[in-house]
Amino acid sequence: SDKPKKENGYVRYKTKKKKQGASHNCTYLMHSSPAVKSEPEEDNGFYPSPKHNKSSKREHDVEECEYKPKKVKVEHDKKAKKRKHDYEDDEEEPKKKTKDQKSTDGKKVKKEEDEKWKWWEEERSTDGSKWRFLEHNGPVFAPSYEPLPDKVKFFYDGKHMKLSPPAEEVATFFAKMLDHEYSTKDIFRKNFFKDWRKEMTSEEKSKITDLNKCNFSQMNDYFKAQSEARKQMTKEEKRKIKEENERLLQEYGFCIMDNHKERIGNFRIEPPGLFRGRGDHPKMGMLKRRIRPEDIIINCSKDSKQPKPPPGKKWKEVRHDNKVTWLASWTENIQGSIKYIMLNPSSRIKGEKDWQKYETARRLKKCVDRLRTQYRDDWKSKEMRIRQRAVALYFIDKLALRAGNEKEEGETADTVGCCSLRVEHIQLYPKMDEQEFVVEFDFLGKDSIRYYNKIPVEKRVFKNLQLFLENKQPEDDLFDRLNTSILNKHLQELMDGLTAKVFRTYNASITLQQQLKELTTSDDSIPAKILSYNRANRAVAILCNHQRAPPKTFEKSMQNLQTKIDEKQIQLSTARKQLKAAKADHKASHDDKSKKTVEVKRKAVQRIEEQLMKLQVQATDREENKQIALGTSKLNYLDPRISVAWCKKYAIPIEKIYNKTQREKFAWAIDMAEKDYVF
DNA sequence: TGAACGACTTGGGCACAGCCCC
DNA sequence: GGGGCTGTGCCCAAGTCGTTCA
């Protein structure tokens with residue numbers, strides 16, 4: 001029997017939660033489960049197909065000669081030397097930079113030169129330091145508050161009331177959000193009002209006691225008018241603003257890191273405002289306070305020119321920690337977490353990490369079969385904790401679920417991942433729609449995005465889930481003997497650097513590679529091939545549950561596209577008739593002029609056919625993409641070398657797949673991947 | 001040992017620049 | 001030249017995971 005011997009007083013691992021856990025469960029399963037026939041590996045599109053597993057000689061060769069930092073951390077030097085060697089055959093090793101890195105002359109490093117900088121061909125330090133030299137100008141602060149003009153009035157209980165500047169500023173935050181659904185939510189209003197009162201003078205506090213009696217409509221109208229005025233600005237005014245932004249970017253948007261001018265990702269400090277959490281966030285509406293220089297910790301080299309705080313102000317601290325990558329940080333007041341200013345994804349420091357991430361996923365590819373065999377075995381373990389770990393890992397692998405850290409109740413929206421799933425999030429169906437052992441998942445994941453899925457699982461998984469659910473309440477943890485720390489510790493033992501999230505990267509990338517192989521036809525036109533690429537990308541986005549709200553203009557834009565298609569079809573039929581007539585004319589006359597006309601008409605038909613096909617492909621793509629966000633997987637989960645190789649193999653310009661920013665981020669991959677690259 | 005902290009990646013929404021079409 | 005649409009980049013919230021603290 002699958003029934004365990006029950007044991008009380010087990011240790012709970014979920015310590016952060018205040019909720020009571022399941023009343024009891026067992027630590028050891030004293031009776032082994034009946035032998036369950038091992039089911040064949042299902043081909044659900046997530047696992048590599050048997051064909052894929054048997055990597056061909058060619059694939060093997062490619063992998064052997066590639067840029068593969070097997071142990072990225074410890075063999076960085078060797079890797080770099082090997083790469084250097086790899087490049088010697090076909091490419092000149094980049095010239096060594098000779099600038100004095102300790103000099104602020106580094107600023108003079110030309111942008112053009114840096115755009116071409118191939119950091120991936122250089123050796124990196126192995127001592128854990130992230131940089132040797134770092135110089136920057138500090139962050140840009142939010143503009144200070146400008147009081148409203150006198151004509152813009154605030155009313156309380158129907159009477160005009162002049163607010164003190166601090167109270168007025170916070171009131172404007174709310175006034176700006178009147179048209180947003182947020183401002184109607186009880187929690188939002190309650191939190192806002194509580195924090196707003198803290199900014200009021202004692203007189204204001206005694207008068208303003210009910211948010212429902214506050215009238216912000218004049219403020220709201222004022223900001224709408226301002227926004228409208230911005231849209232109506234003359235070209236000259238717009239140009240001036242653009243120039244000012246460019247000046248700020250040039251002054252604060254770059255830093256010098258190890259001799260190279262690097263773009264900073266977010267050099268502006270977040271302005272004050274009302275916190276807008278996602279989903280049912282208990283803190284929505286709270287006041288995000290203004291960040292001042294006294295709140296900022298600056299990180300830079302000891303020997304660099306330190307950023308100057310605004311006149312009369314001081315930084316909280318200036319430190320020189322080269323074990324971290326951030327340039328400045330501050331603590332925000334809502335969650336008490338630290339916010340950072342860091343480099344742009346195109347920077348060396350981010351690129352290296354990204355590259356390393358995909359190399360770890362590729363290492364997983366090599367041992368994933370062994371891991372799968374092991375967790376299947378573990379489904380039969382005598383220990384409950386091992387069974388839970390194995391079933392959770394199966395979900396993470398098969399469904400690309402996130403790890404699911406514990407969260408403090410009442411601090412954030414109630415969302416879960418794999419390890420934090422609760423009984424109420426799954427339903428078991430021994431039989432459903434002709435399928436056996438179906439598990440229905442329904443929960444809110446990251447960003448309160450709903451995850452809903454019904455999947456048939458292996459019998460042993462199903463039986464285990466039934467066991468985990470025994471004697472539990474809906475709000476109890478499904479995996480009460482497991483948390484992400486335990487899971488990751490286990491994974492670390494199985495493969496160096498392996499964590500739950502590596503499975504997501506691995507499954508995403510391998511799915512893209514398989515789908516591209518399956519969907520691409522050499523004879524297809526470029527738009528058709530791009531449709532195939534987007535479909536492969538889409539398969540990954542669906543796997544990772546990357547959803548988006550359908551764009552507000554979706555229906556209209558589809559309609560427009562359909563109108564264009566209809567018009568094009570009419571155009572095509574006219575062109576075809578003309579071609580037919582021209583052919584008949586030529587048949588009768590047999591002269592050169594009519595022959596030429598036939599050619600012209602034939603070309604016209606061809607051109608219109610192509611245009612029509614392009615529009616139809618576009619419509620299909622857009623329709624299929626209605627609620628799917630491709631960006632996240634493209635940017636974070638898909639080894640860019642797969643896409644680059646695909647482009648090279650099918651002669652697709654890389655610009656069709658990656659826009660400018662993406663090309664900058666993936667410069668390393670674009671440079672190194674050849675058409676025969678295999679993930 | 002578990003909680004808290006810190007550093008970093010991942011994520012969807014939205015404003016707006018810029019392009020296209022009339 | 002103007003209006004509308006779309007893609008891009010920014011914004012900043014919300015995750016993951018390793019380290020430090022008590």
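Atom OH of residue Y533(A) and atom CG of residue L531(A) lie 13.0 Å apart, to the nearest 0.5 angstrom.
Within residues 340-349 of chain A, the residues having any heavy atom closer than 4.0 Å to DNA chain B are, in order of number, Y340(A), M342(A).
The shortest distance between the side-chain N/O atoms of K130(A) and the OP1/OP2 oxygens of dC8(B) is below 4.0 Å. Taking 4.0 angstrom as the limit, H546(A) places a side-chain polar atom (N or O) nearer than this to OP1 or OP2 of dG11(B). For dT16(C), neither phosphate oxygen OP1 nor OP2 lies less than 4.0 angstrom from any side-chain nitrogen or oxygen of T499(A). At least one side-chain nitrogen or oxygen of N405(A) sits closer than 4.0 Å to the OP1 or OP2 atom of dT16(C). The shortest distance between the side-chain N/O atoms of S337(A) and the OP1/OP2 oxygens of dA14(C) is not below 4.0 Å. Close to dT9(B), at under 4.0 Å from its OP1 or OP2, lies no side-chain N or O of Y637(A). Between K339(A) and the phosphate of dC8(B), there is no side-chain N or O to OP1/OP2 separation shorter than 4.0 Å. Note on T412(A): every side-chain N or O is 4.0 Å or more away from OP1 and OP2 of dA13(C). T325(A) has a side-chain polar atom (N or O) that falls below the 4.0 Å cut-off from OP1 or OP2 of dC8(B).
Distances were taken from every side-chain heavy atom of K353(A) (C-beta onward) to each of dG12(B), dC8(B), dA7(B); the shortest belongs to dC8(B). Set against dG11(B), dT9(B), dC8(B), the side chain of V324(A) has dC8(B) as its closest nucleotide. The listed nucleotides are dT8(C), dG15(C), dT10(B); the one nearest the side chain of N659(A) is dT8(C). Checking dT9(B), dT16(C), dC12(C) against every side-chain atom of K350(A), the shortest atom distance belongs to dT9(B). In the set dA7(B), dC10(C), dC14(B), the nucleotide with an atom closest to the side chain of H180(A) is dC14(B). Of the candidate nucleotides dC12(C), dC11(C), dG15(C), dC11(C) has the atom lying nearest to any side-chain atom of R268(A). Distance from the side chain of N488(A) is smallest for dC17(C) among the nucleotides dA14(C), dC17(C), dG15(C). If you check dC8(B), dG18(C), dG11(B) against the side chain of R504(A), the one that comes closest is dG11(B). Looking at the side chain of R263(A), the nearest of the listed nucleotides dT16(C), dC10(C), dA14(C) is dC10(C). Ranking dA14(C), dT10(B), dA7(B) by closeness to the K501(A) side chain, first place goes to dT10(B).
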Inset, instruction - Any chance you could lay out the ring-ring contact (aromatic ring centres under 6.0 Å, His included) test for Y252(A) and F267(A), step after step, and finish with the verdict? - result: CA-CA 7 Å; Y252(A) 297 98; F267(A) 57 90; 7.1 Å; no

Inset, instruction - Show the numbers, then the answer: is there a ring-ring contact (aromatic ring centres under 6.0 Å, His included) between F666(A) and Y658(A)? - result: CA-CA 9 Å; F666(A) 297 134; Y658(A) 291 137; 5.0 Å; yes

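When each of E270(A) and Q662(A) is assigned the nucleotide of DNA chain C bearing its nearest heavy atom, the one mapping closer to the 5' terminus is Q662(A). With DNA chain C read from its 5' end, the first of the two nearest nucleotides for D447(A) and L498(A) is the one closest to D447(A).
For R450(A) and D442(A), the salt-bridge test passes: some basic side-chain N is under 4.0 Å from an acidic carboxylate O. A salt bridge links E251(A) with R247(A): the closest approach of a Lys/Arg side-chain nitrogen to an acidic carboxylate oxygen falls below 4.0 angstrom.
For residues 326-338 of chain A, the side-chain hydrogen bond (donor to acceptor under 3.5 Å, both in side chains) pairs, not counting sequence neighbours, are H281(A)-Q335(A), E332(A)-S337(A).
In this structure, E406(A) places its CD atom 13 Å from C1' of dT1(B), rounding to the nearest Å. Atom CD1 in I334(A) sits about 14 Å away from atom C1' in dA14(C), given to the nearest Å.
With hydrogens and angles ignored, a donor-acceptor pair under 3.5 angstrom links the side chain of K446(A) to the base of dT10(B).
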Return the polar atom pairs (N/O with N/O) between nucleotides 15-20 of chain B and the protein under 3.5 Å, or none.
| residue | atom | partner | partner atom | Å |
| --- | --- | --- | --- | --- |
| dG18(B) | OP1 | K242(A) | NZ | 3.4 |

